[in-house]
Amino acid sequence: MSPIRRGSPIYEIKANLFKGLAHPFRIRILELLSASPEVAVSSMIEETGLEASHLSQHLAVLRRYRLVDSERRGSTVYYRLAHPETADMLAVARTLLVAILAEDGERLDEARELAPAEPVQS
């Protein structure tokens, strides 16, 4: 079943897309594919440390969400991003995350500069 249903509001379709992305290994797979025109499954196994069956499950989800394409050449299967915009989305997410972490770091620095709390007298 496709995660994109005809007539669904765009916010629902977006939410479903993010569900497809909602696993660290799927993000890692997409990052690997963003860095190269194509990557062999054997290389992905080595880079991610996943067992072949688990990698296959994650790739199936990414295919279902139409984020990756595959091609068999001989006994090797290669994957690539189905849309270059996926790499752009990952880059924007990284930029956003760095900004959020920088804000948190500033808040942490501010908290460290506060005077220690006085003990409560009973």
Side-chain angles (χ1 to χ4, degrees):
M1 179 163 79
S2 174
I4 300 173
R5 288 188 207 72
R6 192 174 213 111
S8 295
I10 192 70
Y11 60 84
E12 187 176 305
I13 295 169
K14 284 181 187 178
N16 283 332
L17 172 65
F18 287 119
K19 286 178 189 175
L21 296 171
H23 194 285
F25 280 117
R26 289 198 283 272
I27 297 297
R28 180 66 184 129
I29 291 164
L30 292 172
E31 287 175 339
L32 290 171
L33 295 174
S34 294
S36 299
E38 63 182 15
V39 179
V41 168
S42 58
S43 294
M44 282 191 264
I45 290 170
E46 187 177 313
E47 289 289 330
T48 63
L50 287 169
E51 293 180 19
S53 62
H54 291 137
L55 177 62
S56 178
Q57 290 171 0
H58 288 298
L59 290 168
V61 170
L62 294 172
R63 278 193 312 272
R64 187 170 45 246
Y65 283 86
R66 299 185 221 167
L67 293 168
V68 298
D69 288 325
S70 63
E71 180 181 344
R72 178 178 292 280
R73 293 197 296 267
S75 62
T76 305
V77 179
Y78 294 89
Y79 276 84
R80 65 186 162 280
L81 293 178
H83 305 278
E85 294 85 357
T86 303
D88 298 338
M89 178 183 62
L90 292 171
V92 169
R94 180 181 292 257
T95 300
L96 174 61
L97 180 59
V98 168
I100 290 169
L101 292 173
E103 288 174 5
D104 288 348
E106 290 170 12
R107 288 187 192 118
L108 183 59
D109 290 342
E110 290 170 4
R112 286 184 179 136
E113 292 172 5
L114 294 174
E118 295 293 322
V120 176
Q121 300 292 323
S122 344

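Basis for what follows: all heavy atoms, side chains included, without hydrogens, waters or symmetry-related copies.
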Cut-off 3.5 Å, no hydrogens considered: what does the side-chain donor-acceptor table look like for residues 25-33, sequence neighbours left out?
unit_1, atom_1, unit_2, atom_2, d
R26, NE, G20, O, 2.6
R26, NH1, H58, ND1, 3.1

Completion exercise
One should read off an interatomic distance between Y79 OH and S36 OG, to the nearest 0.5 angstrom, of 16.0 Å
List the atom pairs, donor and acceptor, that lie under 3.5 Å between side-chain atoms in residues 88-95 and the rest of the protein, sequence neighbours left out.
unit_1, atom_1, unit_2, atom_2, d
T95, OG1, A91, O, 3.1

Handout entry: Residue pair L59 / M44, side-chain heavy-atom distance below 4.5 Å
Key = yes
Exercise for the section: Quick one: which residue pairs count as a salt bridge (Lys or Arg N to Asp or Glu O under 4.0 Å) with a foot in residues 73-84, not counting sequence neighbours? Expected result: E38-R73, E71-R73, E71-R80
Handout entry: Transitive ILVMFWY side-chain link Y78 to V68, under 4.5 Å
Key = no
Handout entry: Shortest non-hydrogen separation from A52 to I45 and the atoms involved
Key = CB-CD1, 3.8 Å
Practice task
Could you tell me the separation between the CG atom of L62 and the CG atom of L21, rounded to the nearest 0.5 Å?
Solution key: 7.5 Å
Practice task
Report the distance from atom OH of Y65 to atom NZ of K19, rounding to the nearest 0.5 Å.
Solution key: 7.0 Å
Exercise for the section: Report yes if some heavy atom in the side chain of L17 is under 4.5 Å from a heavy atom in the side chain of I13; otherwise report no. Expected result: no
